[in-house]
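Here is the structure we will look at, set down as structure tokens.
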Amino acid sequence: MQIVSRFAPSPTGRLHLGHAYSALLAHDFARDRNGAFLLRIEDIDPGRVRSLFVDGIIEDLMWLGLDWDGEILFQSERLPFYAEALDGLKTRGLVYPCFCTRSEIAAEVAASASAPHGPDGPLYPGICRRLSRDERARRLAAEPHAWRLDTAKASAEAGPLYWHDEETEVLAEPQAFGDVVLARKDAPTSYHLAVTVDDAGQGVTDIVRGRDLYAATDVHRLLQALLELPTPHYHHHPLLTDAEGLRLAKRTGAPTLASLREAGADPARLIADLRMGQLPGGYSSAGT
Ligand code: GLU
């Protein structure tokens, strides 16, 4: 079977060194095995996506010399596939509409003495899961709503699930995330649903991405089981950190690849250094 890996950035900012590292590892994973390396633009967040960042991603990858195979896949063009997956889950009663605003959720969480927290913060307290059938139907016709996975019910239906990170078998515990959103009020899908549907749709065999998405894989594994999609192999890599040990991110002021380019950096040198795990001055690769 041909190895297929991918780089799947969200065009919500310019790429920085951490993205370059992730793209390089995914690229090399495929190229070292005679496989295909795909580029997918995860542009489903209407409030944050900018087309100039799409151009920036393409420009930066070309500057680094990381070439991809085939056409670039844009998630914004794949909405019918996500709708189809969601419809199947609706029919099976595994998702429910959620009418809550952020502030209603925050108020409910604040009012509870022991609101459970997951990897992404406080869990959704289940307000709309408990609505009566009548109230749900009435509000569905009249109010904006998201769709949430009934994670406990879905997990019970799916039974114990496992995935592999490198050679390690991991027991999926999607309940840790609570009832995740599968379709947002402002977008007909969410990261979790779109990434799961597309990795299968593109025949991705190996997902090389940062450790920050390790826990979310439990949710993806559950969705794979529910949607009867294959489970790829996962390879979560350490995240790059700066001199203070902070993970590289836009908000911590990580230099963008565009700024390195403007400052005259040599892309071949940068790639050679990253490949050897040597990072440009002041950066390191953290173990978590
Ligand atoms: N689009 C996600 C991000 O930019 C990555 C998705 C993935 O690799 O699964 O963080």
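Starting from 1, each residue takes its place in the sequence as its number. Quantities reported herein were computed from a predicted structural model and do not represent experimental measurements. Below, all heavy atoms of this structure are taken into account, side chains as well, without hydrogens, waters or symmetry copies. Each ligand, and each atom within it, is numbered from 1 in the order the structure gives.
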Next item on the list: Examine ligand 1 and decide if any of its atoms is less than 4.0 Å from a heavy atom belonging to Y191.
Entry: yes
Notebook entry, point to check: Taking the six-membered ring for Trp, are Y96 and H145 ring centroids under 6.0 Å apart?
Noted result: no
Notebook entry, point to check: Using the benzene-type ring in the case of Trp, are the ring centres of Y234 and W163 under 6.0 Å apart?
Noted result: yes
Check each atom of ligand 1 against the heavy atoms of [X] and keep those under 4.0 Å away; list them by number with element.
X	value
V195	9 (O)
S10	1 (N), 2 (C), 3 (C), 4 (O)
R209	7 (C), 8 (O), 9 (O)
E42	1 (N), 2 (C), 5 (C), 6 (C)

Item checked: Plane angle bin for H192 and F177 - parallel if under 30°, tilted between 30 and 60°, otherwise perpendicular -> perpendicular
Next item on the list: Could you check whether the rings of H16 and H19 sit parallel, tilted or perpendicular, using 30° and 60° as the cut-offs?
Entry: tilted
Next item on the list: Among all protein heavy atoms, pick out the one at the shortest distance from atom 5 (C) of ligand 1; state its residue, atom name and that distance to 0.1 Å.
Entry: A8 O, 3.4 Å
Margin query: Regarding ligand 1, does L213 bring an N or O atom to under 3.5 Å of one of the ligand's N or O atoms?
Written below: no
Next item on the list: Identify which one of R6, R40, R31 satisfies the salt bridge (charged side-chain N to carboxylate O under 4.0 Å, His left out) criterion when paired with D69.
Entry: R31
Notebook entry, point to check: Is there a donor-acceptor contact under 3.5 Å from the side chain of S22 to the main chain of G18?
Noted result: no
Checklist line | Within reach of ligand 1, part of R6 (heavy-atom separation under 4.0 Å) | finding: side chain
